[in-house]
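For clarity, every value in this text was computed on a predicted model and none was experimentally measured.
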Amino acid sequence: MTEGLRERKKRQTRQRISEVALGLFVARGFDRVTIAEVAAAADVSVNTLYNYFAAKEDLVLPPDEASPQRLADIVRDRQPGESAARAVLDRLRDELRRRDRKVGLTAGFGPVFEMMRAAPTLTARLEDLGRQMTDALVTVLTEETGAAPGDQTPRVVASQIGWFHSLVYGEIGRRIVAGEKPATIAAALLELLDVVEETLGDRALNYAIRAG
C-alpha cells in the first residue's frame with residue numbers, strides 16, 4: 001500500500017531522531033549523552049522522542065531491528081524440506097552477501113560498534129537479547145516438533161543455533177575493530193559458516209525439517 005503523508009512524516013521523524021542520536025553517541029559516548037540532548041538536537045520534545053523510542057538503548061538497538069524473535073521468525077519462515085539450522089545458516093549467508101545492516105556491514109558501522117562496545121548497558125542488552133532469541137527459538141522448536149515434556153533436544157539445538165549466530169556477530173565485530181573492509185569480512189564469514197555447517201552434528205543440522 002502507498003505510504004500516507006502522516007506515516008511518511010512519522011517515519012522521517014523516527015529516522016532523524018535515530019541518526020542524530022547515533023551521531024551524538026559516537027562523538028561523545030553513549031553514557032555521556034542525555035535523552036534531552038538528543039531531543040534538542042533532533043528538534044523534537046522529550047515526550048515526542050519517547051513516543052518513538054521507549055528507552056535510550058532503543059535508539060541504538062530498536063526492537064524492530066534487534067528483535068528477540070529474530071531466530072524464531074527465521075525458523076517459522078523456513079521452506080519445505082529445510083531444517084531449523086539450515087534456515088538460519090542460509091539467512092545469515094544471504095545477509096552477508098547483501099551487506100545487510102542486520103549484520104553490521106554497512107558503511108560507517110565501525111565507530112557505532114566501538115561506541116556500543118564501550119557502553120555497559122548496551123553490551124548487557126545484547127547479551128540479554130541473545131538469551132531471549134534462544135528461548136524464543138526453543139518454544140518454536142518444541143511446538144513444531146511436538147517434543148515431549150522433559151525432552152531437552154529443542155533447547156540443545158536452539159542453543160547450538162544461538163551459538164553460531166552469536167559467533168558470526170562476534171567475529172564481525174572483531175574484524176571491524178581490526179579495520180577490515182566489509183567485503184573482506186563478508187567473504188571470511190561466509191567461509192566460517194561453511195565450517196560451522198560441516199562441524200554441526202547431523203542431528204542438529206537436520207532437526208525440525210519442515211514437511212513438504
Side-chain angles (χ1 to χ4, degrees), residues 1-79 87-88 90-119 121-133 135-137 139-140 165 168-169 172-173 176 181-183 185-186:
M1 296 180 64
T2 303
E3 183 182 42
L5 177 61
R6 186 167 182 269
E7 289 73 20
R8 183 168 69 253
K9 286 185 175 180
K10 288 177 66 176
R11 176 178 56 79
Q12 291 171 342
T13 299
R14 179 185 175 88
Q15 183 176 348
R16 183 175 74 254
I17 294 171
S18 177
E19 290 174 352
V20 167
L22 283 178
L24 290 173
F25 294 154
V26 168
R28 293 168 48 195
F30 181 78
D31 294 327
R32 295 188 178 92
V33 178
T34 67
I35 285 291
E37 288 174 321
V38 173
D43 197 25
V44 297
S45 69
V46 170
N47 286 341
T48 296
L49 187 149
Y50 276 124
N51 286 336
Y52 288 94
F53 300 93
K56 184 180 177 183
E57 290 75 17
D58 292 343
L59 288 160
V60 181
L61 298 167
D64 59 329
E65 294 183 14
S67 170
Q69 294 294 318
R70 171 170 159 79
L71 295 178
D73 286 344
I74 292 172
V75 170
R76 287 191 191 99
D77 293 341
R78 70 193 186 284
Q79 298 298 311
V88 177
D90 289 347
R91 178 67 65 86
L92 286 169
R93 287 183 174 115
D94 177 63
E95 291 172 350
L96 287 166
R97 292 186 181 108
R98 290 188 290 105
R99 316 288 193 271
D100 194 292
R101 64 176 295 166
K102 290 186 180 69
V103 289
L105 290 182
T106 52
F109 184 72
V112 175
F113 178 79
E114 290 276 29
M115 174 271 294
M116 292 170 62
R117 193 172 64 159
T121 56
L122 291 176
T123 56
R125 174 84 167 257
L126 286 170
E127 290 174 2
D128 188 52
L129 180 63
R131 288 190 291 269
Q132 292 179 55
M133 284 185 185
D135 288 344
L137 182 54
T139 299
V140 171
H165 183 263
V168 165
Y169 280 83
I172 287 172
I176 286 174
K181 296 181 179 179
I185 296 173

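- Taking the side chain as every heavy atom from C-beta outward, Q132 and D135 never approach each other to under 4.5 Å.
- Put simply, the side chain of I74 does not reach to within 4.5 Å of the side chain of L92, judged on heavy atoms.
- Here the side chains of V140 and L71 are not in contact, with every heavy-atom distance at 4.5 Å or above.
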Evaluate side chain to side chain contact (heavy atoms under 4.5 Å, CB included) for V38 paired with F53, printing each intermediate quantity in order. CA-CA 12 Å; V38 173; F53 300 93; over 6 Å; no

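- Here the shortest heavy-atom pairing between V26 and P111 reads CG1-CB, 3.7 Å.
- With sequence neighbours left out, D90 forms a salt bridge (charged side-chain N to carboxylate O under 4.0 Å, His left out) with R93.
- Under the 4.5 Å side-chain criterion, counting only non-hydrogen atoms from C-beta, V20 is not in contact with D43.
- Here CZ of R14 is found 14.0 Å from CD of Q12. Values are rounded to the nearest 0.5 Å.
- The stretch residues 17-26 participates, sequence neighbours left out, in no salt bridge (Lys or Arg N to Asp or Glu O under 4.0 Å) pair at all.
- A search for side-chain hydrogen bond (donor to acceptor under 3.5 Å, both in side chains) contacts involving N47 returns nothing, not counting sequence neighbours.
- Annotation for A136 and P68: closest pair CB-O, 3.8 Å, computed over non-hydrogen atoms.
- To the nearest 0.5 angstrom, R8 atom CZ is 11.5 Å from T13 atom OG1.
- The line from CZ of R131 to CG of L126 is 11.0 Å long, rounded to the nearest 0.5 Å.
- For the atom pair E37 CD and R28 CZ, the distance stands at 4.0 Å (nearest 0.5 Å).
- Within the 4.5 Å cutoff, no side-chain heavy atoms of L59 are placed close to those of L22.
- Residues meeting the salt bridge (charged side-chain N to carboxylate O under 4.0 Å, His left out) test with E65, sequence neighbours left out: R101.
- Listed by chain and residue number, D94, D100 satisfy the salt bridge (charged side-chain N to carboxylate O under 4.0 Å, His left out) test with R98 (two or more places apart in sequence, or in another chain).
- For the pair A186 and L105, the tightest heavy-atom approach, listed with the atom from each and the gap, is CB-CD1, 3.9 Å.
- Between L137 atom CG and R70 atom CZ the span is 12.0 Å, to the nearest 0.5 Å.
- Among the candidates E57, R117, K56, the single residue satisfying the side chain to side chain contact (heavy atoms under 4.5 Å, CB included) test with L122 is E57.
- With respect to R125 and D128, no salt bridge is recorded, no charged nitrogen being found less than 4.0 Å from a carboxylate O.
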Side chain to side chain contact (heavy atoms under 4.5 Å, CB included) between V103 and I172: does it pass, once the steps are laid out? CA-CA 8 Å; V103 289; I172 287 172; 3.9 Å; yes

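- Closest approach of T123 and M116 over heavy atoms only: CG2-O, 3.5 Å.
- In this structure, I17 CD1 and D58 CG are separated by 12.0 Å, a value rounded to the nearest 0.5 Å.
- In this view, F109 satisfies the ring-ring contact (aromatic ring centres under 6.0 Å, His included) rule with no residue, not counting sequence neighbours.
- No salt bridge links K10 with E7; every basic N to acidic carboxylate O contact stays at or beyond 4.0 Å.
- S67 and M133 make their closest contact through O-CE, 3.4 Å (heavy atoms, listed as atom of the first residue, atom of the second, distance).
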